> 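What follows is a structure written as structure tokens; I'll ask about it next.
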Amino acid sequence: MPAPPAPLTPSPSGRPGRVMLVDVDSCYAACERVFHPELEGVPLVVLSNNDGCVVARSSEAKALGIEMGVPWFKLKAWADRHGVVARSSNYELYGSISGRIMAILGEYTPAVEVYSIDEAFLRLPGSPAELTEMGRRIRRRVLHDLGVPVSVGIGATHTLAKLASHGAKHSPTLGHVADLDAYRPGQVDAILEATPVADLWGVGRRLDSRLASMGIRTARQLRDADPAVMRRRFNVTLARTILELRGTDCITIDDRDADRTGQIMFSRSFSTPVTDPTQMHQVLAIYAQQAATRLRHQHSVAAGLWVFASTSWYVSPVHQVSLAGRLPHPADDPVTIVKAACDLLLDRIEPGRRYVRAGISLLDLAPAGAQPMLDPFSPDPRLARLGALVDRVNAACGRGALGLGWAGITAPPDWQMRREMLSNRGTTHWAELATVTAT
DNA sequence: TCTGGGGTCCTAGGACCC
DNA sequence: TCTGGGGTCCTAGGACCC
């Protein structure tokens, strides 16, 4: 194992250090290749839940011109002819590999902001030469230990580090590591001039077209716009982006409590439409229990919930039912949550309609145990123990081993998610470990 | 036949209070 | 005819991200 990083010279700026973005190249495709080296060099796509559409592409698949978000059923015949391999998304595997990457990054600095499954921002002191070298070391280390390639972008702010990472991925000469501060001001201007404003972090399609109507098309033009004027005409987020492009740090990723999110959502499309309230009852029972499990996992309770079901966006008229409500008391147990979800939604479900998707969101989350129980209808303590019991049994015997009511049936319902090209969960399940054969 | 699933932050506007 | 004003909280919806 390489030696821990040497201490570096402190940065003269107010906040210590600059921002380094470490970001996995084609993350899901890279994870699929960890236990399947034969997929190296092969055009590979990973599909969304239900094997619906393309959510990740290897560089070979990108080179073939496969776009993000294309429905698989439209692509499949063409893809077969071009030797494209497809995989169902295996979030358990990706999550496990991501956790290992973040643990490695944590050895270089405690200042790690985990931004998504495949990206983290590090704050580090050091000269451009020192940080570039450290970026190269991190890349070698992750590649060596996990077999996953990462790119590294370095800049004074999060927005500039993102921009640098874009360059690190796309310019072959950089070796996947780029530091914007290694360039002279005139060169930085040229880089910003060559960057379409839509490529910036925080500028999406809508903003892009509004900016274009003002004649702002490049990152350089946006940087040179007046942040006060832009704040009035747009919003504070865009003003911050401008300041960040000028090197003033004003975006932070708040991960003080990274494991505790403010909202929990569980929603899925069905493999075949659900057409009657009895089936929808089963859907809600299973989805609500999934959401409740996540809730207990992060040691929170919910006070409110939101439930929806909808027919296909692609078949008019679209019928959508969506209702919010309160739980009788802040809760994390499946009985209370399933009942509340069914009470809200079920009598609004119209028999005969072809629902393709439903979901439940838990709202007003708070740490478990923090609420004073003044409510005369305080919950039955047995319910709290029930949730913990379900979790323990499912941890020991496998997910779905124990469920309540409709969620307890063992045969998979026919609307359940389709995942026909799923790889093994090689890092989290004994039964699915990779097999090595000596020849 | 078959078109993803999470999240975050910000703003505007209404309800309500004094 | 004239009929305050400022503050807070909540919610819905927009925009963006991966």
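Given the structure is predicted, the values throughout are model-derived calculations rather than measurements. Just so it is clear: chains get the letters A, B, ... in the order the sequence lines come, proteins before strands, and each one is counted from 1.
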> What closest approach, in Å, do A:V142 and A:V148 show between heavy atoms, and which atom pair accounts for it?
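Smallest interatomic distance, heavy atoms only, reads CG1-O, 3.5 Å.
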
> Distance check needed: B:dG4 P versus A:R87 CZ, whole Å only.
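For the pair A:R87 CZ and B:dG4 P, the rounded distance is 21 Å.
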
> Can you tell me how far C1' of B:dG6 sits from CG of A:N49, to the nearest Å?
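A:N49 atom CG is separated from B:dG6 atom C1' by 10 Å.
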
> Where do A:V150 and A:H176 come nearest, in terms of heavy atoms and distance?
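Nearest pair, atom of A:V150 first, then A:H176: O-CB, 3.9 Å.
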
> Once you apply a heavy-atom cut-off of 4.0 Å, does A:L200 come out as touching a base, just sugar-phosphate, or nothing?
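If one applies the 4.0 Å heavy-atom cut-off, A:L200 turns out to touch the sugar-phosphate alone, with no base involved.
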
> Quick one: which of B:dG4, C:dA15, C:dC18 gets closest to the side chain of A:S269?
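Out of B:dG4, C:dA15, C:dC18, the nucleotide with an atom closest to A:S269's side chain is B:dG4.
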
> Using Watson-Crick or G-U wobble geometry with both distances under 3.5 Å, which nucleotide pairs with C:dC18?
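Its partner is B:dG5 (Watson-Crick or G-U wobble, both distances under 3.5 Å).
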
> Scan A:L47 against the nucleic acid and name what it touches under 4.0 Å (heavy atoms): base, sugar-phosphate only, or nothing.
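The answer is nothing, as A:L47 stays clear of every strand by at least 4.0 Å.
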
> Side chain of A:R240: nearest nucleotide among B:dT8, B:dC10, C:dC18?
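Given the options B:dT8, B:dC10, C:dC18, the side chain of A:R240 is closest to B:dC10.
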
> Within the structure, does a side-chain N or O atom of A:K162 lie under 4.0 Å from either OP1 or OP2 of C:dC16?
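No.
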
> Of the candidate nucleotides B:dT8, B:dT11, C:dC17, which contains the atom at the shortest distance from the side chain of A:N235?
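Comparing B:dT8, B:dT11, C:dC17 against the side chain of A:N235, the answer is B:dT11.
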
> Starting the side chain at C-beta, find the nucleotide from B:dT8, B:dG6, C:dC18 nearest to A:F266.
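Side chain of A:F266 sits closest to B:dG6.
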
> A:R294 has a side chain; which of C:dC18, B:dG6, B:dT3 sits nearest to it?
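Between C:dC18, B:dG6, B:dT3, the one nearest the side chain of A:R294 would be B:dG6.
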
> Heavy atoms under 4.0 Å, any strand shown: does A:V70 hit a base, just sugar-phosphate, or nothing?
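It contacts nothing in the nucleic acid.
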
> Classify the nucleic acid contact of A:W313 as base, sugar-phosphate or nothing, counting any heavy atom under 4.0 Å across all strands shown.
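No contact.
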
> Quick one: label A:R205 by what it contacts on the DNA or RNA (base, sugar-phosphate, nothing), any heavy atom closer than 4.0 Å.
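The residue A:R205 makes sugar-phosphate contact but no base contact.
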
> The side chain of A:V236 is closest to which nucleotide in this list: B:dT11, B:dC2, C:dC18?
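Given the options B:dT11, B:dC2, C:dC18, the side chain of A:V236 is closest to B:dT11.
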
> In whole Å, what is the span from the CG atom of A:D364 to the C1' atom of C:dC10?
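Atom-to-atom, A:D364 to C:dC10, this comes out as 10 Å.
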
> So A:W201 and A:Y115, would you call those rings parallel, tilted or perpendicular, with 30° and 60° as cut-offs?
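Ring orientation, 0 to 90° scale: perpendicular.
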
> Name the residue closer to the 5' end of DNA chain B, choosing between A:Y91 and A:T237 according to the nucleotide with the nearest heavy atom.
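Result of the comparison: A:Y91.
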
> Angle class for the A:Y28/A:Y91 ring planes (parallel below 30°, perpendicular above 60°, tilted otherwise)?
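If you compare the ring of A:Y28 with that of A:Y91, the planes turn out perpendicular.
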
> Please say whether more than 12 non-hydrogen atoms of neighbouring residues, nucleotides or ligands are located less than 6.0 Å from NZ in A:K339.
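Count not over threshold, so no.
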
> Would you measure the distance from the C1' atom in B:dC17 across to the matching atom in C:dG4 and give it in whole Å?
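After rounding to an integer number of Å, I get 14 Å for this pair.
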
> Does A:G52 offer a backbone N or O that forms a donor-acceptor pair with the side chain of A:N50 under 3.5 Å?
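Such a contact is absent between A:N50 side chain and A:G52 backbone.
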
> Would you mind telling me which residue lines up with the more 5' stretch of DNA chain B, A:I264 or A:Y314, judged by nearest nucleotide?
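Looking at the nearest nucleotide for each, A:Y314 comes out on the 5' side.
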
> Could you check whether any side-chain N or O of A:H170 sits under 3.5 Å from a backbone N or O of A:H166, counting only pairs where one atom can act as donor and the other as acceptor?
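Pair found, side chain donor or acceptor close to backbone of A:H166.
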
> Roughly how many Å is it from CZ in A:F121 to P in C:dC18, rounded to a whole number?
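Rounding to the nearest Å, CZ of A:F121 and P of C:dC18 are 9 Å apart.
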
> Under 4.0 Å between any heavy atoms, over every strand shown, what does A:D51 touch: base, sugar-phosphate, or nothing? Just pick one.
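Nothing, no heavy atom under 4.0 Å.
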
> Tell me the interatomic distance from A:Q263, atom CD, to C:dC10, atom C1', rounded to whole angstroms.
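It works out to 15 Å between those atoms.
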
> Report yes if at least one side-chain N or O of A:R210 is closer than 4.0 Å to OP1 or OP2 of C:dA15; otherwise report no.
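Negative; the distance criterion is not met.
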
> Consider the side chain of A:R206, meaning its heavy atoms from C-beta on, and name the nucleotide among C:dC16, B:dG4, B:dG7 that approaches it most closely.
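Looking only at side-chain atoms, A:R206 lies closest to C:dC16.
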
> With respect to the side chain of A:S48, which nucleotide from B:dC2, B:dG6, B:dG4 is positioned closest?
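Given the options B:dC2, B:dG6, B:dG4, the side chain of A:S48 is closest to B:dG4.
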
> Should A:R231 be listed as having a side-chain N or O under 4.0 Å from OP1 or OP2 of B:dC10?
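For B:dC10, neither OP1 nor OP2 has a side-chain N or O of A:R231 closer than 4.0 Å.
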
> Which whole-number value in Å describes the distance from A:Q298 CD to B:dG6 P?
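Atom CD in A:Q298 sits about 14 Å away from atom P in B:dG6.
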
> If I take atom NE2 in residue A:H158 and atom C1' in nucleotide C:dC18, what distance separates them, rounded to the nearest angstrom?
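Checked: the NE2 to C1' distance equals 15 Å.
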
> Rounded off to whole Å, could you give me the CG-to-P distance for the A:L363 and C:dG13 pair?
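Between P of C:dG13 and CG of A:L363: 14 Å.
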
